[in-house]
Amino acid sequence: MAAVFRLSSVCHRGVKPLFYRSTLLGRPLALPLKDQESPYLLSARIHASQNLDAASGSTAASLHWTGERVVSLWLLALLPAGYFLPGAVVDYSLAAALTLHGHWGIGQVLTDYVHGDTKIKMANAGLFLLSTVTFAGLCYFNYNDVGICKAVALLWSK
């Protein structure tokens, strides 16, 4: 409660708007003006910018989201499999899943925080290079050394 009181003293709005205000959940009120036929929004809200590839449709975004969830579940299944059944199949599956999961995660960070056409292109090129080197390094480690599963087991044993 002290933190809420301290927050309210900084915001100068009091505690009530902090908890009882539903502006984040409500829709903007639209009323037509007398001189215009188009509706005028009466509230100032933060609007997300339109997706850069909005022409691709929502099906591609939905499939990408589903793919991210499948890879996450795949990783959750591979971790116990790597402990109980270490082998080449699990090692290479972990290499692919970890690289893809990291690529998509860092890609989302770049989408959120990198702005400007040139900077976005450079960041994406760097991300593809990093992901390629990561996957190649993990495959090299799996082929020429003990593999991911046994390496983690060796780290835990000491």
Side-chain angles (χ1 to χ4, degrees), residues 7 11 17-32 36-157:
L7 182 63
C11 293
L18 185 64
F19 291 113
Y20 298 115
R21 202 167 159 172
S22 63
T23 57
L24 295 176
L25 301 175
R27 295 178 184 233
L29 179 61
L31 292 174
Q36 299 175 351
E37 293 185 15
S38 64
Y40 175 73
L41 297 177
L42 294 178
S43 63
R45 298 186 190 275
I46 298 173
H47 297 285
S49 62
Q50 196 174 24
N51 192 0
L52 294 177
D53 55 346
S56 65
S58 64
T59 305
S62 177
L63 289 175
H64 181 78
W65 185 87
T66 304
E68 287 177 346
R69 299 307 164 263
V70 167
V71 169
S72 296
L73 289 175
W74 186 25
L75 275 172
L76 286 175
L78 281 174
L79 294 178
Y83 180 75
F84 292 113
L85 303 168
V89 173
V90 177
D91 285 337
Y92 285 103
S93 297
L94 273 171
L98 288 171
T99 303
L100 190 58
H101 186 73
H103 178 81
W104 282 339
I106 295 172
Q108 289 301 316
V109 172
L110 294 178
T111 300
D112 289 343
Y113 294 109
V114 176
H115 305 290
D117 292 334
T118 307
K119 290 180 183 178
I120 289 173
K121 288 180 183 178
M122 288 175 52
N124 283 333
L127 175 61
F128 280 111
L129 180 67
L130 176 68
S131 298
T132 303
V133 168
T134 301
F135 183 67
L138 288 173
C139 288
Y140 179 82
F141 182 75
N142 285 336
Y143 187 75
N144 293 318
D145 210 340
V146 295
I148 297 172
C149 298
K150 288 185 182 177
V152 172
L154 288 173
L155 285 174
W156 283 348
S157 67

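Quick caveat: nothing in here was measured; it's all calculated off a predicted structure.
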- line: Hits for side chain to side chain contact (heavy atoms under 4.5 Å, CB included) against L130, two or more places apart or cross-chain, chain-then-number order -> I106, T134
Acceptor/donor pairs from residues 70-84 side chains to any protein atom, 3.5 angstrom cut, sequence neighbours excluded:
{"unit_1": "S72", "atom_1": "OG", "unit_2": "E68", "atom_2": "O", "d": "3.0"}

query: G147 and F141: which non-hydrogen atoms are nearest, and at how many Å?
result: O-CE2, 3.3 Å
query: Looking only at atom types and distance, does a side-chain atom of D91 sit under 3.5 Å from a main-chain N or O of C149, one as donor and one as acceptor?
result: yes
task: Kindly write out the residues that satisfy side chain to side chain donor-acceptor pair (under 3.5 Å) with Q108, not counting sequence neighbours, or none if the list is empty.
output: none
- request: Just jot down the side chain to side chain donor-acceptor pair (under 3.5 Å) partners of S131, sequence neighbours excluded, or say none.
  value: H103
Side chain to side chain donor-acceptor pair (under 3.5 Å) against H101, all qualifying residues, sequence neighbours excluded: none
statement: Closest non-hydrogen contact found for N142 with I148 is OD1-N, 3.1 Å
statement: dist T132:OG1 -> L127:CG (nearest 0.5 Å) comes out at 9.0 Å
field: Residue pairs, two or more places apart or on separate chains, that pass side chain to side chain donor-acceptor pair (under 3.5 Å) and touch residues 109-121
entry: none
message: If we ignore hydrogens and angles and just use 3.5 Å, is the side chain of S157 paired with the main-chain N or O of L154 as donor and acceptor?
response: yes
